[in-house]
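Some notes on the structure that comes next.
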Amino acid sequence: MTSGVSPATSLHDWNLDPAAARQLQATLAPAVRLQPLPVRPSLIAGVDCGLERQRWIRAAVTLMRFPELMPVQTVVARTPCRFPYVPGLLSFREMPGLLAALEQLEEAPALILCDGQGIAHPRRLGIASHLGLWLGIPAIGVGKSRLIGSHPEPGRERGATAPLVDADMRVGTVLRTRTDVRPVFVSPGHLVDHDSAVEWVMRTLTRYRLPEPIRLADRASRSGGAKS
DNA sequence: GCGACAG
DNA sequence: ATCTTGTCGC
């Protein structure tokens with residue numbers, strides 16, 4: 001009855017075709033706000049999706065307490081694929097499942113780390129931005145590969161960064177999360193700016209390439225297991 | 001027309 | 001994302 005996470009505003013439904021989806025992204029993008037994360041979040045969520053036989057989306061969310069980085073709760077939702085994978089339209093494929101999983105949380109996160117891009121997107125509305133906007137919760141996009149933009153190669157050391165630019169605009173940061181390991185693409189989703197996005201990805205790293213909340217959600221989306 | 005293209 | 005065996009390295 002009392003869910004930890006519910007939409008701040010019901011912005012739209014999910015019955016759209018690709019053309020309408022792109023149109024909607026252009027309409028929603030101006031509402032994205034880039035600003036420093038106001039408070040230190042004590043509850044951080046990591047979200048990720050897995051695919052089951054090309055027909056089901058397995059959306060997983062892991063809630064962690066900061067700064068301990070101890071998992072508080074992990075939830076998984078299995079929903080049918082209703083939208084194809086189209087570069088630039090990922091949120092229309094994965095968000096319905098993610099929202100179903102988020103509703104199962106007993107507490108709401110103060111920050112969400114999302115697998116995929118934030119504003120580093122053709123219309124500045126990657127899945128992290130769309131999700132953050134829908135929930136009214138600060139969100140950061142952490143992609144394992146590039147969608148758009150150009151950038152110099154960041155230094156090889158852990159913590160090295162390079163700006164990600166598209167159409168003469170800063171859209172993200174290429175961040176080396178481990179020495180000599182392929183960098184990740186960090187971009188603000190909503191209610192965070194470039195600096196806090198990189199700062200909070202760094203603060204949730206342990207010994208792996210991906211920040212712990214996303215790494216655990218990724219793990220749950222593959223094994224399909226929830227737990228408290 | 002051709003290449004690029006989160007998960 | 002998923003499929004899918006072995007292999008290299010700490």
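Chain naming here is simple, since letters A, B, ... match the order of the sequence lines and numbering starts at 1 in each.
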Quiz item: Quick check: are there more than 12 heavy atoms from other residues, nucleotides or ligands sitting under 6.0 Å from CZ of A:R158?
Solution: yes

Quiz prompt | Dot-bracket encoding of pairs in DNA chain C, which uses [ ] for pseudoknotted crossings and | for another strand, Watson-Crick or G-U under 3.5 angstrom | solution = ..........

Practice problem: Mark up nucleotides 4-10 of chain C, 5' to 3', with B wherever a protein heavy atom is under 4.0 angstrom from a base atom, S wherever such an atom reaches only the sugar-phosphate, and - elsewhere. | Solution: -------

Quiz item: Touch check for A:R222, heavy atoms < 4.0 angstrom, all strands: base, sugar-phosphate only, or nothing?
Solution: sugar-phosphate

Quiz item: Is the number of heavy atoms from other residues, nucleotides or ligands under 6.0 Å of A:Q23 CD greater than 12?
Solution: no

Quiz item: How does each nucleotide of nucleotides 2-7 of chain B score, in 5' to 3' order, for protein heavy atoms under 4.0 Å: base (B), sugar-phosphate only (S), or none (-)?
Solution: --SBBB

Quiz prompt | Short side-chain to backbone donor-acceptor contact, A:R176 and A:G155, under 3.5 Å | solution = yes

Exercise. Verify, without hydrogens or angle tests, whether A:R53 (side chain) and A:W56 (backbone) share a donor-acceptor contact under 3.5 angstrom.
Key: no

Practice problem: Quick one: do A:E212 and A:R219 satisfy salt bridge (Lys or Arg N to Asp or Glu O under 4.0 Å)? Show the steps, please. | Solution: CA-CA 10 Å; A:E212 207 61 5; A:R219 195 166 172 288; over 6 Å; no

Exercise. Look only at the side chain of A:Q73 and the backbone of A:E106, and say whether a donor-acceptor pair between them is shorter than 3.5 Å.
Key: yes

Exercise. Return yes if some donor-acceptor pair links the side-chain N/O of A:R170 with the main-chain N/O of A:G172 below 3.5 Å, else return no.
Key: yes

Self-check item: Separation of A:L205 CG from A:W200 CH2 (nearest 0.5 Å)
Solution: 12.5 Å

Quiz prompt | Path from A:L111 to A:L98 over hydrophobic side-chain contacts below 4.5 Å | solution = no

Quiz item: Under 3.5 Å, is there a donor-acceptor pair linking the side chains of A:S196 and A:D193?
Solution: yes

